[in-house]
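Values in this document were obtained by computation on a predicted structure and should not be read as measured data.
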Amino acid sequence: MGLFQKKSNILLGLDVSSTSVKLLELSRTNGKYRVESYGVEPLPPNAVVEKNISDVEGVGEALKRLVSRSKAGSSNAAVAVAGSAVITKVIEMDASLTDEEMENQIIVEADQYIPYPLDEVSIDFEIQGISEQSPDQVEVLLAACRKENVELREAAMEMGGLSARIVDIEAHAMKRAFELIQSQLGSSTEDMVVAILDIGATMTTLSVLAEDRSIYTREQLFGGKQLTEEIQRRYSLSFEEAGLAKKQGGLPDDYDEEVLKPFKEAVLQQVTRSLQFFFSSSQYDDVDYIVLAGGTASIDGLAAMIENKLGTPTIIANPFADMSLSAKVDAAALANDAPAMMITCGLAMRSFD
């Protein structure tokens, strides 16, 4: 199973996160995308822990429900593994080598780059272009992931009636989806440094893009689940009731001031901390734009608060802004889920590589 392999038929984008599985099917005509089908299905508690599948059956059953409900037109899918599960390294190789010769050489030399036994990893590579240092060399992106991470995803997908055609890397899928929102940043993004903060239920991932490449990724344990748990505790609700109330409203009058405001301040603190880590480990001391993604991004007033406090233009990601929708797609539901669909979208775009 290659981490970058290409197929020409339509692929569903499939994102397995800590609390849900998300599916998206795109078509493209004259360069314009259209959403053919989409769906989000909750997962059983702790079926996925820190991006690792711990309950294959629970994930498989959720996928089966999702595939049935979304009425997707394909059973082939692209799925991603977290950046923390993947070792990537750019190496230089002789430009005259064929793909097969490169593959053989990489396998022979892989133990220099990969700290795991080779029979425990899936390896793939992608040529990035001619080396700046030497015109007879090419830069090759080498990616290696523990087979277990890939095989658990494949097994869950098989139970759900899907076939894993591509296993990608979340940061690469995020970068691909960013192409869809570049125009929303107002000016040319070529020279911009853009921080994408994907704030999920349990994990916040910072991806920084510069010069059309992903230059930094960092994950930390923090997410919207903390708000759900605080609602649950304060108002004596079940976890499910708290999650529903968080989305639909109807909580007591003190909610905004006593619960939501402190959580938004905690998000701001995490965003600031993530950026500080990036600045301290790179040549950059500023970013031009912040893009908020993930389910937590939609919290009312969060983007404005971050923009005001950090002085950096901040938008909420919506990869579907310029897309048309098929009749079977619920436009309101998709708009609500849009910030959380960036990785799913980037994976679905693999159909058109």
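Considering OG of Ser122 and CZ of Arg146, their distance stands at 11.5 Å, rounded to 0.5 Å. Atom-to-atom distance recorded for Met157:CE and Asn76:CG is 8.5 Å, nearest 0.5 angstrom. For the atom pair OH (Tyr113) and NZ (Lys89), the distance works out to 7.5 Å, reported to the nearest 0.5 Å. With rounding to the nearest 0.5 Å, the separation of CD1 in Ile53 from CD in Glu151 is 12.0 Å.
Judged purely by atom type and a 3.5 angstrom limit, Gln226 uses its side chain to pair as donor or acceptor with the backbone of Gly223. Between the side chain of Ser68 and the backbone N or O of Lys64 there is no donor-acceptor pair closer than 3.5 Å.
In the model, Glu25 has a side-chain atom that pairs as donor or acceptor with a side-chain atom of Ser37 under 3.5 Å. Lys246 and Thr228 form a side-chain donor-acceptor contact under 3.5 Å, judged by distance and modelled atom types alone. Defined by atom type and a distance below 3.5 Å, a donor-acceptor pair is missing between the side-chain atoms of Glu158 and Ser163. Between the side chains of Gln270 and Thr204, no donor N or O sits under 3.5 Å from an acceptor N or O. One side chain, Asp254 or Tyr235, offers a donor N or O that lies under 3.5 Å from an acceptor on the other. Between the side chains of Ser17 and Asp15, no donor-acceptor pair is found at a separation under 3.5 Å. Between Glu139 and Ser131, the side chains place no donor N or O within less than 3.5 Å of an acceptor N or O (distance only, hydrogens not considered).
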Stepwise, does the side chain to side chain donor-acceptor pair (under 3.5 Å) test hold for Thr312 with Glu307?
-> CA-CA 5 Å; Thr312 306; Glu307 181 167 325; over 6 Å; no
side-chain contact (heavy atoms from CB on, under 4.5 Å) assessment of Leu24 paired with Leu12 = CA-CA 6 Å; Leu24 178 70; Leu12 307 175; over 6 Å; no
Are Thr205 and Glu219 close enough, and set up right, to give a side chain to side chain donor-acceptor pair (under 3.5 Å), and what steps lead you there?
-> CA-CA 4 Å; Thr205 305; Glu219 294 168 0; 4.5 Å; no
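Nearest heavy atoms, Leu26 versus Phe352: O-CZ, 3.6 Å. Contact between Leu260 and Ile299 at its shortest, heavy atoms only, is CD1-CG2, 3.8 Å. Considering all non-hydrogen atoms of both residues, Gly295 and Ala340 come closest at N-CB, 3.7 Å.
There is a path of hydrophobic side-chain contacts, each under 4.5 Å, that joins Val81 to Leu43.
In this structure, Glu170 pairs ionically with Lys51, as a charged nitrogen and a carboxylate oxygen lie closer than 4.0 Å. Looking at Glu230 and Arg234, a side-chain N of the basic residue comes within less than 4.0 Å of a carboxylate O on the acidic one, giving a salt bridge. A salt bridge between Arg350 and Asp168 is present, with a side-chain N of the basic residue lying under 4.0 Å from a carboxylate O of the acidic one.
Ring planes of Phe278 and Tyr216: tilted class, angle from 30 to 60°.
Each of Ile196, Leu209, Leu347, Val291 was evaluated against Met174; a single residue qualifies, Ile196, per the side chain to side chain contact (heavy atoms under 4.5 Å, CB included) test. The one candidate from Glu126, Gln128, Met102 that meets the side chain to side chain contact (heavy atoms under 4.5 Å, CB included) condition with Val140 is Met102.
Counting heavy atoms from C-beta on, the side chains of Asp322 and Phe320 never come closer than 4.5 Å.
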